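To keep things clear, I will list the structure first and then write my remarks on it.
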Amino acid sequence: MQKNQNSIDTDNFLKSLGLPSVRVHHSFNHFDFTRPSRRILVIGPMGSGKTEFSAGVWRDSKVAMGKSERIKNSTTTMGADRREVFFIRSILDAGRFPDYPEDALAYRGGYERCGDNIAHIKDSFELEKIISEHPETGTWIIDEASFYDERLVYVMRNESRKRGLLFIFPTLILNFRRDIFNSTASLLLETATDVFPLTAYCEHPDCIDDSFYTYRYYQIDGLECPALYFDPLIVIGGDRQKKGSVEPNYCTRCDRHHYLPGKEYTYFTLKPLGEEASKGNIMPLKDELQAIKNSMEQSQLFHHLHNRYAHDPEQKINLNALKVKFIAEKALIYLFVEQNLVTEELLLSLVENLDLDRHYMEKTLLDNKRPVKLAQKMFTGIY
Ligand SMILES: [Zn+2]
C-alpha cells in the first residue's frame, strides 16, 4: 500500500527523534489492556488531543471493567489489573483548572472525574510511594512526564518490567527550538515501547497542514514577533494570551510556519563570543551586547538577520524578533545558564556596565534554576 504524504512525514519526524524501532500507532479506537509491560508515549504539540487520548483510555477502562471475571485474567499481572487506571499530574498543575472539580481530568471541551484515582506529585519519589500504595492498579497515566526528574523514567521502566504495569505518557517532546525538551524527554524516548504521534492543524491562518512543532512568539503592537533561538528555555507564566516582551505566547505550527530566527547566529557568533570571554577576552562580547542594547543596527545579530530575511517576503516576519525587548539580557542568560561560558562574576559586571534590566534577569535566571541576586542599581540621578 502506498503511504500518503502525512504518514511519510510522521515516519520521518519520528526517525528524527530516534524512534525507528518502536511500534507506531496511527489511529486509536479502543484501548488494549491485555498486553503487559508497555510504556506508551503519546506525543504531539499543544492542541493535538493528548489529554483527550488519556480521557479515552479512562472511559475504555470503565467499559472493560464491566466485563466478566474471565477478562480479568488477561488484563492482570501479579495482582495489578491494567483496567484499573490512575492519573498522575504535576503539583504545579494543581491550580490550573479552577473551574473544574478537584478530581477532574480536564481537556478542551470536557472532563472526566477520577475520584480517588488522581494525584498530584512533585517528583519520582512521590510516584514510587503512590504506586506502592496501589498494588492493584495496573495502568498509570503520567501527564507531562518530561517535566519531572530523570529518575522517574527508571522507576516506571522497572515497575513495568517487574509487574507488567502499563504506563502512558502524554507529553511534549520538543521545545520551541525543536530540540528534545530535556534529558527526561530523551530517556522517555529511549525506554518507550510504543508511540502514538498526534498532530494538530498548523495554527497559521493561511495553512491547514499537519503540525508537530510548538512555536513561541511575542505579541508586540499587534505584531507576531518570533522568539529568537537563544530565548530562555524556561519562561514561567500563565495560560492566557500575552502581550509585550516579558511573557511569550505559544501555538502549534508546521515546518514552514515555525519561525526560529537566530539559530545560526547563536552558534556562529554568540557562542564563540562567549568562548572568547571565558578565556578572558571579554571585549568582543561586551561590544556585541552593548550594540544589541543601545544601537541594534550596529550589532552582528541585526546584520545576520537582515542578510538572511530582509529580501524574502515570506521570511521577513523573522525580523520582528528584534522588536522584542531584553535581547542583550537573553543572550547573556543563554551563555550563563545553558553554555556555562560566563561566570557569575562576569555576569554581574556586564549587568552593571551595560545597565541591563535587573528585574527581567533575576526572574529569568530563577525560572531557569540558576538564581543570581543582582545588586540594585546605584542611585546616580541628579536629585
Ligand atoms: Zn503552516
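Being a predicted model, the structure only gives us computed values, none of them experimental. Remember, it's 1-based here, ligands and their atoms both numbered in the order they're listed.
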ask   = side chain to side chain contact (heavy atoms under 4.5 Å, CB included) with R161: which residues, sequence neighbours excluded?
value = R39, R157
query = Who pairs with I220 by side chain to side chain contact (heavy atoms under 4.5 Å, CB included), at least two apart in sequence or on another chain?
reply = Y218, C225, S245, V324
ask   = Are E362 and K373 close enough for a salt bridge, meaning some N to O gap below 4.0 Å?
value = yes
message = For E133, is there an ion pair with K129 - N to carboxylate O distance below 4.0 angstrom?
response = yes
ask   = Say you draw a straight line from CZ of F302 to CD1 of I327; how long is it, rounded to the nearest 0.5 Å?
value = 11.5 Å
query = For Y201, what residues pass the side chain to side chain donor-acceptor pair (under 3.5 Å) criterion, not counting sequence neighbours?
reply = none
task = Could you give me a count of protein N/O/S atoms that are under 2.8 Å from the Zn ion (ligand 1)?
result = 4
